[in-house]
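Counting convention: from 1, in listed order, for ligands and their atoms alike. All of these numbers come straight from a predicted model, not from anything done at the bench.
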Amino acid sequence: MIYDVIILGSGPAGLSAAIYAQRARLNTLVVEAKPLSGGQILDTYEVDNYPGMQGTSGFDLGMKFREHADALGVEFYTAQVQQVRIAGKIKEVVTDQDTLQAKSVILAMGANHRKIGVPGEEELSGMGVSYCATCDGAFFKGKTVAVVGGGDVALEDALFLARACEKVYLIHRRDEFRGAKILQEQVKQKENIEIIWNGQVKEIQGENKVEKIIVHNNIEETDAELEVQGVFIAVGIQPNSDVVKEIVALDEQGYVKAMEDTVTSQPGIFAAGDIRTKQLRQVITAAADGANAVTSVERYLIEASL
Ligand code: NAP
């Protein structure tokens with residue numbers, strides 16, 4: 001079987017592409033790494049900026065996207081993609097199960113949590129070090145935790161944790177947040193959030209569980225010890241572009257080079273959502289990419305006489 005399009009990933013970009021492809025009557029397959037669609041928003045406590053869905057949980061929004069795709073009869077397949085190959089005009093998606101074939105491929109594998117790369121981070125991962133406040137926050141009720149980062153996710157995590165934790169240190173390496181102004185205001189109003197500006201976590205310490213962190217002040221060049229039971233790392237994301245790095249052009253951070261039309265350097269391969277070079281990585285821009293990608297696929301199939 002040669003599909004018209006195989007969509008890799010089932011976050012907002014992949015699901016949006018699936019909905020558009022199915023409506024365009026393309027023979028479509030969505031390959032997802034685990035049998036749970038939604039991508040990064042599954043870990044997002046609240047998505048408050050998707051029009052018409054104010055205050056929805058990320059999980060619910062992910063489920064709604066999936067229900068929509070299911071209702072249209074989209075075919076899903078759970079497998080780990082290991083490589084994408086070009087075989088003339090046909091593209092081959094090599095997975096841990098088998099090799100799939102398609103006339104075009106939409107890369108919608110998104111991105112993963114970035115690490116800070118300090119001693120103790122890996123050793124204490126799952127033992128107090130977490131990359132998902134909404135997944136693990138409940139374990140820290142009444143405790144003192146640190147959130148590392150200054151973007152939307154760090155601010156949202158700090159607010160989320162402040163509801164249940166006794167104290168939240170929000171440690172940012174500069175003296176100005178990157179995250180949305182509305183979140184900054186909320187963070188500054190919370191009494192149990194203490195912002196540590198110009199702070200860089202140098203080390204995470206503890207015996208089988210997080211006990212303290214060493215925070216370096218970038219301006220004064222001093223170190224301070226903070227007793228915390230949890231460290232939530234929210235320092236951004238890394239694109240999941242490894243399996244295509246041989247066939248499409250990436251930028252220096254590993255994002256697949258593509259504009260709004262999602263066209264990559266490789267004919268027939270399109271990149272949608274957080275995996276591609278873009279100004280704003282949000283659910284709404286990912287969903288828009290999915291729609292654009294299918295339009296580009298349709299155009300490609302005609303132009304390439306496929
Ligand atoms: P981000 O916006 O890239 O922010 C990453 C933060 O981590 C920055 O403040 C950065 O500092 C800091 N950082 C990076 N590397 C670091 C290191 N090694 N040590 C210490 N700090 C480090 O990432 P994000 O917050 O994960 O958000 C990812 C994307 O999702 C963004 O586009 C965001 O807008 C979007 N998002 C949107 C929403 C929403 O709209 N509701 C919610 C969540 C996420 P600097 O500021 O100094 O670079």
- Note on the structure: Counting only non-hydrogen atoms and a 4.0 Å cut-off, the residues near ligand 1 are Asn49, Arg114, Ile116, Gly149, Gly150, Gly151, Asp152, Val153, Glu156, His172, Arg173, Arg174, Arg178, Gln200, Ala234, Val235, Gly236, Arg281, Gln282
Got a list of side-chain donor-acceptor pairs under 3.5 Å for residues 259-273, not counting sequence neighbours?
from   : atom 1 : to     : atom 2 : distance (Å)
Asp261 : OD1    : Val263 : N      : 3.0
Thr264 : OG1    : Gln266 : N      : 3.1
Thr264 : OG1    : Gln266 : O      : 3.2
Thr264 : OG1    : Ile269 : O      : 2.7
Ser265 : OG     : Ala249 : N      : 2.8
Gln266 : NE2    : Ile247 : O      : 2.9

- Hey, do the aromatic rings of Phe160 and Phe232 have their centres closer than 6.0 Å? no
- Task: If the plane angle is over 60° it's perpendicular, under 30° parallel, otherwise tilted; pick one for Phe65 and Tyr50.
- Result: perpendicular
- Under the salt bridge (charged side-chain N to carboxylate O under 4.0 Å, His left out) test, residues paired with Glu156 that sit two or more places apart: none
With a 3.5 Å cut-off and sequence neighbours excluded, list the donor-acceptor pairs that the side chains of residues 12-28 form with protein atoms.
from  : atom 1 : to     : atom 2 : distance (Å)
Ser16 : OG     : Ala287 : O      : 2.6
Ser16 : OG     : Ala291 : N      : 3.4
Gln22 : NE2    : Leu72  : O      : 3.2
Gln22 : NE2    : Gly73  : O      : 3.2
Arg25 : NH1    : Gln22  : O      : 3.1
Thr28 : OG1    : Leu26  : O      : 2.9

- Would a distance-only check, ignoring hydrogens and angles, find a side-chain to backbone donor-acceptor pair under 3.5 Å from Glu67 to Lys64? no
